[in-house]
Amino acid sequence: MSAKFPIPNPSPLLLFFTILSILFYLTPIINSRTLRTVGSSSHLSDDSSITYLWPLPSEFTYGNETLVVDPSLSLSLFGNGGNSAIVREAFERYRTIIFKHVGSSKFGMRDLGYDITKLTVIVHSDNEELQLGVDESYTLLVAKNNGLSVIGEVTVEANTVYGALRGLETFSQLCGFDYGTKTVQIYKAPWFIKDKPRFAFRGLLLDTSRHYYPVDIIKQIIESMSYVKLNVLHWHIIDEESFPLEVPAYPKLWKGAYTKWERYTVEDAYEIVNFAKMRGINVMAEIDVPGHGESWGVGYPDLWPSTSCKEPLDVSKNFTFEVLSGILQDMREIFPFELFHLGGDEVNTDCWNNTPHVKQWLDDKNMTTKDAYEYFVLQAQEIAISKNWTPVNWEETFNTFPEKLNPRTVVHNWLGGGVCPKVVAQGLRCIYSNQGFWYLDHLDVQWDGVYDADPLEGISDSAEQDRVLGGEVCMWSETADPSNVQQTIWPRAASAAERLWSSKETAPRSNARVLRRLQYMRCLLTRRGVPASPVTNFYARSSPIGPGSCYDQ
Amino acid sequence: MIWQSIYVVLMFQFVLVFGAYDLKNLNIWPMPESVEYGAKSIFLSKEFHLKTDGSKYPDASGILKDGFTRLLDVITANNIIEFNSKVDDSLLLQGINVVILSDSDELQYGIDESYKLLVHANGKQNYAEIEAATVYGALHALQTFSQLCHFNFKSRKLVISQLPWTITDKPRFSYRGLLIDTSRHYQPLPMIKKVIDSMAYAKLVKCIALAYCRYTGFSFRNTFFSKIMGCYAKKRGINVLAELDVPGHAVSWGVGYPELWPSKNCTEPLDVSNEFTFKLINGVLSDFSKIFKYKFVHLGGDEVDTSCWSATPRIKKWLEQKGFNESQAYEYFVLKAQKIAVSHGYEVINWEETFNNFGSKLDRKTVVHNWLGSGVAQKVVESGLRCIVSNQDSWYLDHLDATWQQFYTNEPLTNITNPNLQKLVLGGEVCMWGEHVDGSDIEQTIWPRAAAAAERLWTNVGRLAKNPKDVGLRLMHFRCLLNQRGVAAAPLDGPGRVAPIEPGSCYVQ
């Protein structure tokens with residue numbers, strides 16, 4: 001918990017870094033100090049004591065120099081993973097973000113030269129596979145090249161390209177535009193940051209069934225996720241209202257789309273997955289069975305128990321599981337992420353009882369509807385596992401038949417608190433999305449409620465804690481569409497993102513300083529074109545209550 | 001196989017010439033002056049490109065080239081297009097040939113924005129044809145063209161259907177404005193850029209007014225931004241009109257120069273008795289004239305509560321010396337500011353209160369900007385002055401209860417029948433005041449209602465629907481198009497910036 005220099009690491013480069021950073025501390029002209037936000041007093045007027053990084057890195061030190069950054073900042077890549085298009089493209093994106101106010105060259109001219117002209121990225125591994133638990137740690141050094149070092153200026157070092165992406169994001173947040181000199185500046189240099197995520201799974205659910213989102217909007221959302229280091233887009237593709245995705249094996253399924261325009265081709269889905277991967281974000285697909293499947297039957301009415309009773313999917317037919325298998329087979333090609341969400345929530349089994357042929361089947365099998373629900377979920381799990389997927393299911397499956405779930409199952413909490421403790425105690429893994437705090441469509445939950453929720457609440461055993469993969473904020477789309485989705489997501493998703501990224505010691509609870517930082521982050525999002533709502537309004541996505549500065553609202 | 005079926009369709013070519021009532025299958029917003037179309041289809045080639053054979057416009061600053069690049073961006077943004085399968089050349093559109101008659105790229109009030117757009121059904125080397133008087137007319141043609149293109153989910157290709165197209169088009173009014181207020185809330189640069197982009201989609205808006213004066217940092221920060229914005233807007237055929245709202249609405253000026261306030265506890269309107277006030281206005285307008293090349297400047301003049309002047313002894317004394325009452329001092333201020341603006345080569349726009357109070361004294365080139373209510377334009381033009389219509393009951397976007405139907409049906413020429421007087425109505429402007437609008441909600445407050453006004457301002461009056469119900473589906477379609485282009489346009493169903501009430505398709509909400 002106490003501030004300390006990075007512990008020397010066996011990696012030679014890190015060791016070199018460490019020596020380098022110690023050199024900085026020994027340099028008397030640089031009056032470095034360390035800061036932890038833990039227990040800080042609330043001198044809000046003393047803005048310089050607040051570190052405007054979101055989410056807060058696990059360890060950092062800073063000084064009191066202001067450095068000017070060259071608009072033609074160059075990139076040097078080293079290490080086994082140094083030849084990565086992922087890093088190069090990210091660098092270009094961040095360059096655009098950082099220098100967007102530095103217009104044509106006549107605005108950016110500076111006679112005095114620049115303090116920062118080069119950004120070095122060292123990536124040790126050339127493995128670019130993006131999976132759960134990929135190493136996202138990084139170190140970031142920002143210092144004036146004062147002759148003491150051979151690699152000074154800006155250096156990001158990471159084991160994987162994805163760690164490098166996180167480091168670049170942090171670097172971009174250190175850069176600010178100075179209106180007086182019209183240059184990009186870094187305050188409080190030199191910076192030394194050593195950072196890693198608290199949880200491997202930091203998700204946002206997007207529901208493209210209740211309302212359709214054009215691919216361009218989904219990309220905007222993915223891009224904005226990367227600004228707060230979220231790393232899983234949980235794509236709730238299909239629900240009872242519409243079936244927008246193409247499934248080549250069963251080409252009539254997307255007849256269940258709202259209109260012929262509101263659909264995603266397989267190629268569009270690939271594009272989304274690749275776009276996300278370039279930003280270090282996995283896409284976890286969901287098909288929510290058997291409860292939320294009414295739209296499947298538009299193309300294949302046989303999947304309905306009957307035309308008057310359309311949900312859940314007909315458990316009695318082999319065809320149902322053939323279609324399910326076909327969908328999973330096609331999706332396996334598109335979604336490389338090892339987790340696949342099979343839903344399983346809110347299953348009202350009345351239709352099964354009320355439909356004669358299903359009822360007959362239940363009787364023949366000597367099953368209650370509850371047994372049939374279990375049967376359906378476990379069948380679906382088997383199919384997913386046979387396709388080399390790890391199944392994720394909503395918590396009702398665990399609540400109803402906890403002992404029967406496949407031991408690889410990841411249980412997705414939503415109904416309330418106290419579920420993950422039970423899940424991990426039983427040896428299963430858990431994702432936390434308590435609807436009281438992390439359902440973004442609950443507009444009456446404020447930023448601090450989101451911030452103070454904790455996936456590890458009630459779990460003290462460290463082995464059990466390890467089984468909590470992380471958490472996810474959920475953007476259900478009954479009353480959200482492309483016109484208001486971003487302001488419903490932001491800034492509250494950023495609240496959760498810090499909870500998921502920063503250690504509990506670094507970011508224990510909401511307070512006035514956190515609010516200040518979040519307001520700053522919200523303004524940063526709007527400056528990047530993300531329409532994030534005012535932070536302090538009672539209702540989410542509501543308009544500012546009156547004129548005023550972004551930083552106060 | 002797809003090709004065969006399309007061939008079959010091609011055999012049955014027929015051409016429809018639509019009258020005012022035959023708009024059902026046309027999804028173009030705003031509706032062009034004249035449209036003829038058929039029933040054939042064609043694919044866009046992988047190498048779809050721009051040609052300028054026969055054009056007189058050199059495009060030295062790349063306005064046309066960039067406009068074409070943006071066209072490609074918007075039509076390819078949402079779907080992965082399949083280009084690999086072999087398609088017969090006769091089914092491909094190779095590009096667009098743009099012929100521009102003027103070599104100038106000056107963007108000014110009243111430039112010729114007309115264009116003609118042809119998309120032929122056949123031909124070996126088939127190019128769409130655009131002919132326009134100016135590059136800005138050509139940009140409008142590209143916007144129309146972009147609305148003809150759509151992604152076909154079967155062939156995975158970009159398709160134009162209803163060929164052949166013959167479209168001739170020109171705007172009804174030259175001034176089609178959107179006001180954004182960067183003072184009540186700061187609007188980040190990318191938000192303003194997005195608004196400008198979306199304005200171009202709706203063609204509506206040729207002019208954008210930035211309300212400056214209320215902003216504390218107006219002098220430096222905004223002129224700097226304005227340079228960037230002006231360049232960005234010009235490339236899209238959009239003029240930037242700067243507003244300096246004097247003498248009311250200027251509290252923030254005194255943060256930097258407290259002597260502009262009557263006194264510390266009475267900070268508005270600007271001190272009429274102090275010559276420094278006018279010196280500063282002169283300085284600002286001098287700066288403006290270097291940045292804003294539009295022939296108009298907006299000097300505000302609205303909502304002036306003059307009580308501070310009488311309440312401040314020094315100013316009270318000055319009033320007495322001059323023999324002014326407060327309203328005469330208000331007139332003195334406005335007219336003096338007008339003279340300063342004219343000396344910098346500007347024509348002046350003032351809010352209607354100036355006309356309502358001393359209309360006959362205003363500079364004869366003044367454009368009166370209506371906002372308080374309807375019926376003002378008629379009085380203004382009858383007095384020989386020019387007018388811009390923004391009556392708040394129908395064209396104030398911050399009035400969330402004003403529906404898109406109201407925006408659509410608000411007619412700038414109401415009760416003005418004399419063609420000479422009609423010409424004095426330059427157009428209209430929808431106003432996005434920023435009390436409750438910041439970077440988070442500006443787009444959905446503007447759209448789709450501003451688009452409804454856009455058609456009113458662009459489209460020939462004979463083509464406008466008498467009943468807004470007749471254009472509801474087409475506007476819904478345009479709203480979904482805005483969504484596809486990343487613009488957060490709100491559902492039509494309900495008041496301004498309403499959230500969708502329930503799950504459903506974009507095309508029914």
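It should be emphasised that the depicted structure is a prediction, and the values quoted were computed from it without experimental measurement. The chains referred to below are lettered A, B, ... by the order of the sequence lines, with proteins before strands, and numbering in each begins at 1.
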Given heavy-atom pairs under 4.5 angstrom as the criterion, report whether the side chain, backbone, both or neither of [X] touches chain A.
X	answer
B:Ala489	backbone
B:Val437	backbone
B:Gln509	side chain
B:Arg485	backbone
B:Glu443	neither

Spatial distance of atom [atom1] ([X]) from atom [atom2] ([Y]) [nearest 0.5 Å]:
X	Y	atom1	atom2	answer
B:Trp447	A:Ser483	CH2	OG	14.5 Å
A:Thr526	B:Asp441	OG1	CG	11.0 Å
B:Asn79	A:Glu267	CG	CD	9.5 Å
A:Phe177	B:Leu189	CZ	CG	9.5 Å
B:Gln484	A:Tyr213	CD	OH	14.5 Å

Could you tell me which portion of [X] (side chain, backbone, both or neither) has an atom closer than 4.5 angstrom to a non-hydrogen atom of chain B?
X	value
A:Val485	neither
A:Ala480	backbone
A:Glu478	both
A:Ser477	neither

Looking at [options], which makes the most heavy-atom pairs under 4.5 Å with chain A?
options	result
B:Pro503, B:Gly486, B:Gly439	B:Pro503
B:Val498, B:Asp438, B:Thr445	B:Asp438
B:Asn483, B:Ile81, B:Asn152, B:Ile501	B:Asn483

With no hydrogens and no angle check, is any side-chain donor or acceptor of A:Tyr258 less than 3.5 Å from a backbone partner on B:Gly504?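 Yes.
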Looking only at the side chains, is there a donor atom on one of [X] and [Y] sitting less than 3.5 Å from an acceptor on the other?
X	Y	result
B:Ser440	A:Arg541	no
A:Asp216	B:Asn78	no
B:Glu502	A:Thr479	no

Show, in sequence, the C-alpha distance, side-chain angles and deciding distance for B:Arg497 and A:Ser543, and conclude whether the side-chain contact (heavy atoms from CB on, under 4.5 Å) test is met. CA-CA 10 Å; B:Arg497 70 166 173 240; A:Ser543 293; 2.9 Å; yes
With a 4.5 Å cut-off on heavy-atom pairs, point out which of [options] contacts chain B the most.
options	value
A:Asp481, A:Thr488, A:Ile545	A:Asp481
A:Val266, A:Ile217, A:Thr265	A:Thr265
A:Gln553, A:Arg263, A:Gln220, A:Glu246	A:Arg263
A:Leu525, A:Thr259, A:Asp207, A:Ile218	A:Thr259
A:Gln487, A:Glu271, A:Arg528, A:Glu262	A:Glu262

Surrounding OH of A:Tyr551 (heavy atoms of other residues, nucleotides or ligands, distance under 6.0 Å), is the total greater than 12? yes
For atom NZ of A:Lys255, decide whether the heavy atoms of other residues, nucleotides or ligands shown that lie under 6.0 angstrom number more than 12. no
Heavy-atom pair of closest approach, residues A:Arg527 and B:Pro188: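 Smallest heavy-atom distance, with atoms named: CA-CB, 3.7 Å.
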Heavy-atom closest contact (B:His436 atom, A:Pro544 atom, distance):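 That closest heavy-atom pairing would be ND1-O, 2.9 Å.
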Would you call the rings of B:Phe153 and A:Trp254 parallel, tilted or perpendicular, taking 30° and 60° as the class edges?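 Perpendicular.
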Considering only NZ, NE, NH1 and NH2 on the basic side and carboxylate oxygens on the acidic side, decide whether A:Asp268 and B:Arg156 come within less than 4.0 Å. no
